[in-house]
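Only one structure is covered here, and it is reproduced in the block below.
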Amino acid sequence: MRRYGKHTDEDDIRSRPNRKGNRPRTNIRPKHEDAAEGMVLTVDRGRLTCLVDSRIVLAMKARELGRKAAVVGDRVALVGDMSGKKDTLARIVRIEERTSLLRRTADDDDPYERVVVANADQLAIVTALADPEPRPRLIDRCLVAAYDGGLDPLLVLTKSDLAPPDKLLELYGDLDIPYVVTSREELENGGAADRVREQLDGKITAFVGHSGVGKTTLVNALVPEDRRRLTGHVNAVTGRGRHTTTSALALPLRDTGGWVVDTPGVRSFGLAHIDPSRVIHAFPDLEPGTEGCPRACSHDEPDCALDEWVAEGHADPARLYSLRRLLATRERKEGD
C-alpha cells in the first residue's frame, strides 16, 4: 500500500474510476412532477399498501427519502408500476405535508415516539364501562395526545348494559367532548355502528382503545367488507398471515366519504414527546388568559395568570380544573 508524506501533490493521487459511467454525482433529486397521488392504508415489514385511483397498490419507500417514514394516513406521491397486479411494486418518492399527527411513546421515560396515524381529523377513544373497568388516566392521555396532534376527540363508551355511563361522562362534561354510548347487544346487532357512523361522516377517524373494550368488534361492524378485501390483498402479496390489529389499518366508510383507522390495542400511552404548552390550544376560552403568564408557565403554579382570568369571570373554573388535570397526566402513571 502506497504511503504519502506531508508534501504530496494532488496530481500524484490517483482517483478511482466510476465503473457505472462518467456521469458525476449530484445532490439534485428529481421532482417527480408526474407522480401519482395515493394514500397509505397500512404498513407491513417495510411494504406500504396504498390506495391510488381506487386501486390497491403495494409500494416501498424510495431511498432518497432517507429516514423519513410514511405512516398510515399519509398522502404520498408514487412512481413505477401502479397497476395493482400481483408481484408488482411501486415506489414512494414524496410524502406530502401533514395536517395532523397522532403520536405516542411506550412510556413516559421513552425518548422515541411512535407515529400512530397521520392526517386524521378525530380520535375515537373506545372505552368499556365495565369488563374491563374504565381507565380515566388512559383516556386523559389519549385526550392530551389528540389535542397536541391537532385531532378532535370522540368518546365511544361500550358495554352500557353492564354499567351506566353517567359517572364517566360527568368526569369529562366540562371538556365538551362528543360521545356515543353503546351496549353489547347493539354491537352484535349493528345498531351501535349506525350511531357511531353519524360521528364519522366525511372524516378520517383513528380508533384507539385498551384490549377487550370492543374496539375491533365495532370497526368490523362499520367496515366488514372492506376489511376482508384489503386484508386478503395484503396477505396475498406478503405470502404470510397477519392479524389485522397488529398494525394500523385504514378502511373506507361506504357512502360517507369517511375513513376508519383501526389501531392495535394499547396497554399504555406514553406522553414523553408532548409539549404541555400546546395542550392549551384545545381550551380557546382559557388561551387568552395565558398572555399574562410568566415565561414557560406550566399553568399550574402560583404565578399563573389563569387563576386571575377565571376569578374575573372570563371562564368556568371547571374548565381550568380540566386543563390542569390533563397537564398533570404526564406526571402520573395510567393506573393511578
Side-chain angles (χ1 to χ4, degrees), residues 72-73 100 102 104 116-117 120-147 149-224 226-227 244-245 248-254 256 258-269 282 322 326 329 334:
V72 173
S100 67
L102 179 65
R104 74 179 183 93
V116 182
V117 61
D121 299 302
Q122 65 180 352
L123 178 65
I125 306 168
V126 185
T127 302
L129 294 166
D131 189 31
E133 293 296 317
R135 297 169 58 185
R137 299 289 77 80
L138 179 59
I139 298 174
D140 287 352
R141 287 168 169 265
C142 291
L143 288 174
V144 170
Y147 293 141
L151 290 78
D152 296 325
L154 168 69
L155 287 180
V156 180
L157 308 181
T158 63
K159 304 183 182 180
S160 61
D161 49 316
L162 300 181
D166 304 27
K167 185 176 180 180
L168 191 62
L169 288 176
E170 183 180 357
L171 187 61
Y172 297 97
D174 295 313
L175 292 174
D176 296 325
I177 301 173
Y179 63 88
V180 180
V181 180
T182 70
S183 65
R184 289 188 298 182
E185 182 180 355
E186 286 180 314
L187 281 177
E188 295 171 357
N189 297 332
D194 293 334
R195 289 191 290 111
V196 173
R197 189 179 285 109
E198 294 176 359
Q199 301 287 339
L200 315 181
D201 188 13
K203 302 176 181 177
I204 299 177
T205 305
F207 278 67
V208 298
H210 191 266
S211 299
V213 299
K215 174 180 62 66
T216 299
T217 301
L218 177 58
V219 171
N220 285 340
L222 289 167
V223 282
D226 289 289
R227 172 181 283 281
T244 54
T245 52
L249 177 66
L251 299 160
L253 281 169
R254 291 189 180 276
T256 69
W259 287 81
V260 167
V261 181
D262 188 16
T263 66
V266 295
R267 295 186 180 90
S268 62
F269 210 105
S322 296
L326 291 180
T329 295
E334 292 163 21

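- Between L102 and V261 the shortest side-chain heavy-atom distance does not fall below 4.5 Å.
- Closest non-hydrogen pair, Q122 versus T205, comes out as NE2-OG1, 2.9 Å.
- Looking at heavy atoms from C-beta onward, L157 lies in side-chain contact with L169 at the 4.5 angstrom threshold.
- With a 4.5 Å cut-off on side-chain heavy atoms, R135 and T127 do not count as touching.
- In this structure, V223 and L253 have side chains that are in contact, with non-hydrogen atoms separated by less than 4.5 Å.
- Heavy-atom minimum distance, S100 versus G150: CB-O, 4.0 Å.
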Take T216 and D262 through the side chain to side chain contact (heavy atoms under 4.5 Å, CB included) test and state the conclusion after the steps.
CA-CA 7 Å; T216 299; D262 188 16; 3.9 Å; yes
Counting only pairs under 3.5 Å, give me each side-chain donor-acceptor contact of residues 194-203, with atom names and distances, residues two or more places apart or in other chains.
from	atom 1	to	atom 2	distance (Å)
D194	OD1	R197	NH1	3.1
R195	NH1	V181	O	3.1
R195	NH2	V181	O	2.8
R195	NH2	E186	OE1	2.8
R195	NH2	E186	OE2	2.9
R197	NH2	L222	O	3.3

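- Closest non-hydrogen pair, L123 versus A146, comes out as CD2-CB, 3.8 Å.
- The side chain to side chain donor-acceptor pair (under 3.5 Å) pairs that include a residue from residues 155-173 are D140-Y172, D161-R184, where partners are two or more places apart or lie in different chains.
- A pairwise comparison of heavy atoms in L326 and V144 identifies O-CG2, 3.5 Å as the closest pair.
- When all heavy atoms of G212 and P132 are compared, the pair lying nearest together is O-CD, 3.5 Å.
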Taking it one step at a time, do I177 and L143 satisfy side chain to side chain contact (heavy atoms under 4.5 Å, CB included)?
CA-CA 10 Å; I177 301 173; L143 288 174; 3.5 Å; yes
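- Taking the side chain as every heavy atom from C-beta outward, L155 and I139 approach each other to under 4.5 Å.
- Heavy-atom minimum distance, D174 versus S322: CB-OG, 3.7 Å.
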